[in-house]
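Nothing here was measured: the structure is a model prediction, and the numbers come from that model.
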Amino acid sequence: MADCEKIMHLPSSRISSFSDAIERCQSLGMRLSRQRRYILELLWDLQEHLSAREIYDELNQRGKKIGHTSVYQNLEALFEQGIIECVERSDGRLYGHQNSSHSHVNCLDTQKIIDIDIKLPSTVIQEVEQRTGLKIKGYRIDFFGTTD
């Protein structure tokens, strides 16, 4: 499996809905098995970051019979094609429905990850480019906080 933190996909266009995700799969020539549809539908329905095990459990609780291996293989394929995101944490990988560049707020109390769109001022991007010699194509900022 690919290391999800080392690979940051910058898709050509944002996927804003379950139907957009299906269309992207079709445009990439990906097979749209019922298992793949179940996974995409669940991620868009819950809009949370979930482990493969949580996805497996939730789908089976909903009566969508799917095997462990199928969940892992489909998550990896969807991530590798830039359709979903993968966040590497010390306790494992979490998968989310967003495919676009965005930032995360990590709650240290609940361990939940909240998606947030933050736009840095162009002067900050320019400074990063000047310091590194690289042209910035996207970024993600991780915030950490508590409920109090």
Side-chain angles (χ1 to χ4, degrees), residues 1-120 124-125 128-129 132 134-148:
M1 284 189 181
D3 182 341
C4 60
E5 278 300 313
K6 291 185 181 172
I7 301 171
M8 183 173 180
H9 296 283
L10 298 172
S12 56
S13 62
R14 182 181 184 126
I15 295 174
S16 324
S17 66
F18 170 68
S19 60
D20 285 351
I22 295 296
E23 285 179 28
R24 180 69 56 83
C25 288
Q26 291 170 331
S27 72
L28 293 170
M30 292 180 77
R31 192 171 151 267
L32 276 168
S33 64
R34 69 180 166 79
Q35 293 93 343
R36 194 163 285 168
R37 283 180 182 269
Y38 291 162
I39 290 169
L40 286 170
E41 186 175 10
L42 177 72
L43 289 174
W44 276 97
D45 183 34
L46 296 180
Q47 296 195 11
E48 293 181 19
H49 297 81
L50 304 168
S51 69
R53 180 61 191 212
E54 290 169 325
I55 292 168
Y56 168 82
D57 289 343
E58 183 64 30
L59 287 173
N60 280 285
Q61 284 178 359
R62 292 178 177 207
K64 311 287 188 186
K65 298 300 178 197
I66 186 170
H68 288 279
T69 302
S70 184
V71 169
Y72 286 100
Q73 289 172 343
N74 279 290
L75 287 170
E76 193 63 23
L78 291 166
F79 167 69
E80 286 178 356
Q81 292 300 318
I83 296 169
I84 63 172
E85 78 168 320
C86 175
V87 178
E88 189 79 44
R89 297 200 5 185
S90 61
D91 57 349
R93 294 178 178 174
L94 299 178
Y95 297 89
H97 71 288
Q98 287 203 29
N99 78 322
S100 61
S101 291
H102 63 281
S103 295
H104 294 136
V105 177
N106 298 268
C107 179
L108 299 172
D109 297 326
T110 65
Q111 303 306 307
K112 293 279 186 191
I113 299 173
I114 302 162
D115 293 320
I116 186 168
D117 289 318
I118 295 289
K119 184 168 173 82
L120 291 175
V124 173
I125 301 296
V128 171
E129 290 177 340
T132 63
L134 299 173
K135 180 72 177 157
I136 301 302
K137 301 292 184 185
Y139 56 87
R140 185 181 82 194
I141 302 169
D142 284 307
F143 297 93
F144 300 88
T146 59
T147 57
D148 52 5

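- Between Cys25 and Leu32, the shortest heavy-atom contact is CB-CD2, 3.7 Å.
- Expressed to the nearest 0.5 Å, how far CG of Leu94 lies from CD1 of Ile113 amounts to 5.0 Å.
- Glu58 meets the side chain to side chain contact (heavy atoms under 4.5 Å, CB included) test with Leu42, Leu46, Gln61, Arg62; sequence neighbours excluded.
- The side chain to side chain contact (heavy atoms under 4.5 Å, CB included) with Ile84 is formed by just one residue from the set Asn74, Leu43, Ile15; it is Leu43.
- The only member of Arg89, His97, Glu85 that meets side chain to side chain donor-acceptor pair (under 3.5 Å) when paired with His49 is Glu85.
- Taking OH of Tyr38 as the start and CD1 of Ile55 as the end, the distance is 15.5 Å to the nearest 0.5 Å.
- Side-chain contact between Glu54 and Glu48 is absent, with no heavy-atom pair separated by less than 4.5 Å.
- For Asn60, the side chain to side chain contact (heavy atoms under 4.5 Å, CB included) test picks out Tyr56, Lys65, Ile66, with sequence neighbours left out.
- For residues 31-40, no residue pair satisfies the salt bridge (charged side-chain N to carboxylate O under 4.0 Å, His left out) rule, not counting sequence neighbours.
- Note that CG of Asp142 and CD1 of Ile116 are 12.0 Å apart. Values are rounded to the nearest 0.5 Å.
- Contact annotation: the side chain of Ile83 approaches that of Leu28 to within less than 4.5 Å [non-hydrogen atoms, C-beta and beyond].
- Phe143 is listed as a side-chain neighbour of Ile118, based on a closest heavy-atom distance under 4.5 Å.
- In this structure, the side chains of His104 and Asp115 come closer than 4.5 Å at one or more pairs of heavy atoms.
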Quiz item: Could you go step by step and tell me if Ile141 and Leu120 meet the side-chain contact (heavy atoms from CB on, under 4.5 Å) rule?
Solution: CA-CA 10 Å; Ile141 302 169; Leu120 291 175; 3.7 Å; yes

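- Checked against side chain to side chain contact (heavy atoms under 4.5 Å, CB included), Ser17 has the following partners two or more places apart in sequence or in another chain: Ser19, Asp20.
- Each salt bridge (charged side-chain N to carboxylate O under 4.0 Å, His left out) pair with one or both residues in residues 95-109, not counting sequence neighbours, would appear here, but there are none.
- Side-chain contact between His68 and Arg53: present, with at least one pair of heavy atoms (C-beta onward) separated by less than 4.5 Å.
- Between Arg93 and Leu75 there is no side-chain heavy-atom pair separated by less than 4.5 Å.
- Partners of Leu108 by side chain to side chain contact (heavy atoms under 4.5 Å, CB included), not counting sequence neighbours, listed by chain and number: Phe144, Thr146.
- With Glu129 contributing its side chain and Ile136 its backbone, the two residues share a donor-acceptor pair below 3.5 Å.
- Taking the charged nitrogens against the carboxylate oxygens, Lys119 and Asp117 have no contact shorter than 4.0 Å, which rules out a salt bridge.
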